[in-house]
2 protein chains.
Amino acid sequence: MRAEAGTGTLGKAMAVLEAVVTADGPQRFTDILARSGQPRGTLHRLLSHLVEEGLLVQRRDLSYEPGLRLLTLAYRSWSANRFRDIAEPHLRRLHELTGETVHLGILRETEIVYVDKVESRQTVRMSSQIGKASPAYCTGIGKAALSLLGPAELERILARTEFHVFTPHTHRSAATLLAEIEDIRRDGHAFDREEHEAEIRCVAAPILIPGSELAAGLSVTGPAYRVTMEQLSAWAAAVRAAAQAVGEDAAIRLGPGRGGP
Amino acid sequence: MRAEAGTGTLGKAMAVLEAVVTADGPQRFTDILARSGQPRGTLHRLLSHLVEEGLLVQRRDLSYEPGLRLLTLAYRSWSANRFRDIAEPHLRRLHELTGETVHLGILRETEIVYVDKVESRQTVRMSSQIGKASPAYCTGIGKAALSLLGPAELERILARTEFHVFTPHTHRSAATLLAEIEDIRRDGHAFDREEHEAEIRCVAAPILIPGSELAAGLSVTGPAYRVTMEQLSAWAAAVRAAAQAVGEDAAIRLGPGRGGP
DNA sequence: AATACAGTTCCAAATAATGGAATACGTTAT
DNA sequence: ATAACGTATTCCATTATTTGGAACTGTATT
């Protein structure tokens with residue numbers, strides 16, 4: 001497990017929590033012991049505290065799994081998120097125009113976190129993937145959001161990015177990515193040319209969230225067999241317009257005062 | 001703010017986090033100072049740690065709001081939740097049968113937390129309200145789940161319950177609730193007769209989650225103008241059957257070994 | 001019964017948290 | 001300009017919590 005920063009006890013607790021949450025099944029004490037590298041005594045107390053707080057639950061067989069408190073906290077913060085609320089009608093409109101799935105995402109470090117989604121097919125899980133985090137360097141919204149950053153911040157993020165190769169089209173280094181980011185700045189929109197998932201393409205545009213120093217974006221995504229690059233290019237103007245509209249709405253309704261993303 | 005238990009530093013941090021998350025807008029330092037009752041120095045360090053961990057975000061105007069890490073953690077634990085996964089097809093089947101909204105909920109202390117939902121109308125927010133917590137004593141799933149508890153646990157929960165009156169039909173005391181819980185144990189299903197929200201009724205059945213010591217339930221909910229008590233009674237057998245099926249599936253696929261809710 | 005393994009408890013030492021007070025910052029009023 | 005105010009931040013000696021190795025308990029396994 002990664003070394004935790006200068007966040008003292010809280011950092012350790014969160015690292016342990018993360019270790020349990022990212023594992024695929026219930027974790028026994030020894031599993032977590034190995035994953036976390038904490039000494040036995042310390043880990044035991046940490047786990048008790050996490051259970052007492054409802055962040056973890058202990059099963060009858062003593063193994064640990066995520067507790068419901070996380071879900072409740074996330075629900076509260078999600079439904080109080082004014083930025084998402086403001087963006088929603090614009091996402092809907094874009095979905096009606098294109099018939100394809102529309103995403104709203106916010107950049108956090110090297111990842112893009114999806115905070116809303118509008119889609120046709122009802123087959124869907126959760127709001128399918130609200131809260132899901134994907135690498136920024138190989139997703140449309142991610143690259144769009146990166147294009148908003150200043151040089152120093154961009155460099156810091158890229159230095160931390162691991163260029164994992166997902167498909168033949170995935171960027172393999174910062175060099176090619178930086179070149180594309182130049183294009184994105186010029187054009188005002190970004191494409192995902194099957195870089196993260198094969199057979200999945202998207203066109204995205206950046207949004208600056210006023211008040212917070214957050215970089216966000218929205219996108220239209222579709223399967224390659226149905227959505228050609230020409231089709232995406234044709235939608236680009238509408239995507240830029242929607243992003244712009246969200247930004248303006250947010251500037252008015254969030255501003256420096258009450259309420260925020 | 002409620003006094004935090006013996007969870008040391010983590011408890012304080014979570015209390016502060018909760019204070020920010022439950023507030024309706026971004027909170028300034030002084031707001032949180034008043035709400036949390038922590039001394040200035042302590043609170044300031046706590047907030048920095050929460051921000052460093054990504055649990056809070058600080059805006060340009062210095063106010064604090066929920067960070068994205070909560071959403072990501074919740075997403076991971078939700079999508080890895082095998083109990084929800086197992087229940088899902090049964091919820092879907094029940095939805096197809098009734099045409100009304102179907103919920104899956106798990107009891108946590110005095111509240112029922114919704115962990116999945118299947119509904120027709122696509123107008124919906126988030127998975128509308130996954131992660132939302134409602135009082136157990138006035139909801140169908142809540143009362144169904146309470147009926148699974150032993151006397152000691154039930155008493156402990158009821159002692160902590162505040163009987164807030166939401167509608168003319170809301171239980172006003174433990175006495176009437178306990179009487180109804182007897183009925184629920186006998187019948188195997190529970191009704192919500194517009195007790196939490198006016199014009200909203202539901203029929204629910206309890207599920208015992210094996211492995212965890214969790215009490216859960218599922219329900220069919222509809223608006224009073226469309227769903228009569230007779231209709232709900234007619235659905236009760238199907239709801240019981242679905243709950244039973246989820247329980248059996250879970251017993252097989254969760255068991256004492258790998259994987260869990 | 002003996003052995004191995006997993007989880008829990010203990011406690012002196014180390015460390016991080018504490019919190020009151022002083023300081024810096026930004027804003028509005030004089 | 002300058003003063004006055006409200007707010008956020010930093011400081012640091014004290015204190016309480018965390019730390020973590022080791023001993024202990026309980027439960028399977030041979």
Side-chain angles (χ1 to χ4, degrees), chain A residues 1 3-20 23 25-53 55-65 67 210-213 255-258 260, chain B residues 1 3-20 23 25-53 55-65 67 211-213 255-260:
Chain A
M1 166 174 302
E4 63 280 343
T7 45
T9 310
L10 179 64
K12 285 206 184 69
M14 291 303 298
V16 169
L17 178 60
E18 187 105 28
V20 175
Q27 296 291 102
R28 289 167 316 171
F29 182 83
T30 339
D31 300 333
I32 308 171
L33 189 65
R35 281 183 150 239
S36 72
Q38 298 289 341
R40 303 173 75 79
T42 303
L43 181 61
H44 192 265
R45 178 176 37 76
L46 240 30
L47 286 168
S48 328
H49 284 178
L50 287 166
V51 168
E52 275 190 76
E53 285 295 327
L55 296 166
L56 291 178
V57 172
Q58 189 162 24
R59 292 160 48 106
R60 260 201 294 278
D61 65 0
L62 302 182
S63 63
Y64 297 87
E65 56 187 6
S212 315
E213 276 153 350
R258 294 289 83 199
Chain B
M1 169 176 301
E4 63 279 342
T7 46
T9 311
L10 179 63
K12 283 205 184 71
M14 290 305 297
V16 169
L17 178 59
E18 188 104 28
V20 175
Q27 297 290 103
R28 290 168 314 171
F29 183 83
T30 343
D31 300 333
I32 308 170
L33 189 65
R35 283 185 147 234
S36 71
Q38 299 288 341
R40 305 175 74 77
T42 302
L43 180 62
H44 192 264
R45 180 177 33 76
L46 240 29
L47 287 169
S48 327
H49 286 177
L50 287 166
V51 167
E52 275 189 76
E53 285 295 326
L55 296 166
L56 292 178
V57 172
Q58 190 162 25
R59 293 160 46 107
R60 260 202 293 279
D61 66 359
L62 302 183
S63 63
Y64 297 87
E65 56 187 6
S212 316
E213 276 155 350
R258 294 287 83 201

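Below, chain A is the first sequence line, B the second, and so on; all start at residue 1. A quick note: this is a predicted structure, and the numbers were derived from the prediction, not measured.
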For nucleotides 15-20 of chain D, print each protein N/O atom paired with a nucleotide N/O atom at under 3.5 Å, atom names and distance only.
| residue | atom | partner | partner atom | Å |
| --- | --- | --- | --- | --- |
| dT18(D) | OP1 | T9(B) | N | 3.1 |
| dT18(D) | OP1 | T9(B) | OG1 | 3.4 |
| dT19(D) | OP1 | K12(A) | NZ | 3.1 |
| dT19(D) | OP2 | R45(A) | NH1 | 3.3 |
| dT19(D) | OP2 | R45(A) | NH2 | 2.5 |

In this structure, how many angstroms lie between the [atom2] atom of [N] and the [atom1] atom of [X], rounded?
X: Y64(B); N: dT9(D); atom1: OH; atom2: C1'; result: 9 Å
X: I32(B); N: dT7(D); atom1: CD1; atom2: P; result: 13 Å
X: H44(A); N: dG26(D); atom1: NE2; atom2: C1'; result: 13 Å

Problem set entry | Any side-chain donor near an acceptor of the partner, T7(B) and E53(A), under 3.5 Å | yes
Flag side-chain contact, heavy atom, 4.5 Å: [X] against [Y]:
X: L10(A); Y: L10(B); value: yes
X: K12(A); Y: L46(A); value: yes
X: R45(B); Y: H49(B); value: yes
X: L56(B); Y: L17(B); value: yes

Problem set entry | Backbone N/O of I32(B) and side chain of S36(B): donor-acceptor pair under 3.5 Å | yes
Seminar exercise, completed: Counted 5' to 3', the first and last nucleotides of DNA chain C within 4.0 Å (strictly under) of a heavy-atom of chain A are dA6(C) to dA17(C)
For this session: Could you please spell out the steps behind the side chain to side chain contact (heavy atoms under 4.5 Å, CB included) verdict for L62(A) and R28(A)?
Result: CA-CA 7 Å; L62(A) 302 182; R28(A) 289 167 316 171; over 6 Å; no
Problem set entry | CD on Q38(A) to CG on L47(A), rounded to 0.5 Å | 10.0 Å
